[in-house]
Amino acid sequence: MKAIAPHHLIIVSILAWLVSVVDVALTLSSLKLHFIPAPWATLPKSISMLVFILLSVLWIGYFLSQAQFRQQPAQQIVGIPAKNDAVLMATVVFIGLLLSFVGDNINFNREVLYFRHGDFVKHDYLADSVWFFAPAYGCFSYAAWRWLSSFISRKIRWLSMLFGCAIGLVSYMAMMDSRAGTYVLSMTGSYSMLITIPAVLGLLLFKSGNQSRPSKPFFIASLGLVLATFADALIGQFWIFGHDGQGYYPLIREVNWLFYITSQLLLLHLPWCYVNAERQFART
C-alpha cells in the first residue's frame, strides 16, 4: 500500500476549507438553498467537519507509515521526539478534533431551541458546547505544551498561561451581562480563561520554531492555536452577549465558522512539528 504523502493531506485540507468558504459565501450573499429545512441548513458545515475527521485519521496514518522516527528515548536528545511521542501527539490532536465535532453539532442547534437556560441569552445552547470544546482545546494545548517543554522552562510557560488567563478574564468581564444566569456565566466565564491558553502557547510555539528550525510547521500550528482563541472570542462578544443577548445571528455564525474551520485545519498540522524535528535530526 502506497504511503500517504504530506501534500495529499494538504490538498484534502484545502478542499475541506473551500467547502466551508462556499457555504459561508452563499449564506452571506442570501443565495443559500432555501428548500433545505432549517434544522439541516448547517449540513455543508457538517460535511466539511466529516471530511475533516477523515483527514485527521489519514494524518495519524502518515505518522505510522511515512515518518522515520528515531528509537532512542526522547530524554536522550533534547528537542527531538521519539516515535511514541509523535504518535501520542497525533492521537491527542485526533481526540481534540472528535470532541470539537461534537461541540460543533451542539452549536448547530438543529432543534432550533432558544432560551434553554434563561430568558436573556437567546443562543445559550452555546454554553452547553463548552463541555466538549474545553477538553478539545485542552488536548491541543497539551500537544503544544509537551513540545515546548524541550525549549521553554516550566516557569515561563506557567507564567505565560496565567497572564493569558488574566487577559481572558478581563475581556470576559467587559462583555458579560449578569442577566445571563448562573449556568451560562459559569460556563462561559471559566471557558474565557481556558481559551486564551492556546493563543499563548501558539505564540511560544512560533518563538521556539524560530530559534533553531525552519518555521513553516511551527507557524502553521501556532496560527491555528491563535485563530482558535480568536474564533471563540467572536462567539462570546457577538453571538452570546452581543446585541443585548440576542446575538448578531446568523451573520456571526458564518464569520465565526470561517475563522474556526481555518484554525481546526491548521491545528491538524500540529504533530507536523515532530516530523520536521526528526528530519532535521536525520540531516545533522
Side-chain angles (χ1 to χ4, degrees), residues 4-21 48-49 51-63 66-67 69 79-81 85-97 100-101 136-152 157 160 164 195-233 256-281 283:
I4 300 171
H7 69 273
H8 293 154
L9 301 173
I10 294 175
I11 291 174
V12 178
S13 296
I14 294 175
L15 290 176
W17 183 78
L18 287 176
V19 170
S20 298
V21 171
S48 62
M49 283 303 298
V51 173
F52 188 37
I53 296 300
L54 173 62
L55 179 61
S56 64
V57 174
L58 295 176
W59 189 249
I60 293 180
Y62 169 70
F63 282 100
Q66 180 96 344
F69 294 99
I80 305 299
D85 291 319
V87 174
L88 173 62
M89 290 305 99
T91 305
V92 167
V93 171
F94 176 62
I95 293 173
L97 296 176
S100 296
F101 179 70
Y137 286 111
C139 288
F140 300 138
S141 297
Y142 173 72
W145 172 276
R146 188 178 178 93
W147 173 265
L148 289 169
S149 63
S150 298
F151 302 95
I152 299 177
R157 282 178 285 150
S160 299
I195 197 56
T196 59
I197 294 177
V200 171
L201 294 178
L203 294 175
L204 293 178
L205 184 68
F206 183 60
K207 180 178 181 297
S208 68
N210 277 332
Q211 288 178 348
S212 59
R213 294 178 172 83
S215 61
K216 182 178 179 180
F218 297 89
F219 175 75
I220 291 176
S222 62
L223 180 59
L225 289 166
V226 172
L227 284 180
T229 298
F230 179 73
D232 275 15
N256 166 261
W257 179 256
L258 193 56
F259 283 103
Y260 167 77
I261 195 63
T262 301
S263 72
Q264 293 278 288
L265 289 168
L266 293 175
L267 285 174
L268 185 59
H269 296 265
L270 183 58
W272 188 12
C273 298
Y274 285 84
V275 176
N276 182 75
E278 173 59 28
R279 289 174 177 172
Q280 288 297 111
F281 171 74
R283 287 197 290 265

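Summarising the geometry of Trp147 relative to Leu205, their closest heavy-atom pair is CD1-CD1, 3.4 Å, with the distance given to 0.1 Å. Shown here for Cys139 and Ile95, the closest heavy-atom pair between the two residues is SG-CG2, 4.1 Å. In plain terms, the two heavy atoms of Leu267 and Ala228 that are nearest each other are CD1-CB, 4.4 Å. Listed here is the closest heavy atom pair of Val226 and Leu203: CG2-CD2, 4.3 Å. When all heavy atoms of Val93 and Ala143 are compared, the pair lying nearest together is CG2-CB, 4.2 Å. The shortest heavy-atom contact between Arg157 and Ile152 is NE-O, 3.0 Å.
The structure places OG1 of Thr262 at 10.0 Å from CH2 of Trp257, a figure rounded to the nearest 0.5 Å. Distance CD1/Ile261 to CG/Leu18: 11.5 Å, rounded to 0.5 Å. Summarising the geometry, atom CD belonging to Gln264 is positioned 4.5 Å from atom CZ belonging to Phe140; distances are rounded to the nearest 0.5 Å. Here the straight-line distance linking atom CD1 of Ile195 with atom OG1 of Thr229 works out to 5.0 Å at 0.5 Å rounding.
Residues Ser263 and Phe230 are not in side-chain contact: their nearest non-hydrogen atoms beyond the backbone lie 4.5 Å or more apart. A 4.5 Å side-chain heavy-atom check between Tyr137 and Asp232 finds at least one atom pair inside the cut-off.
Two rings, from Trp145 and Tyr142, have their centers 6.0 Å or more apart.
Between the side chain of Ser141 and the backbone N or O of Ile197, no donor-acceptor pair lies under 3.5 Å.
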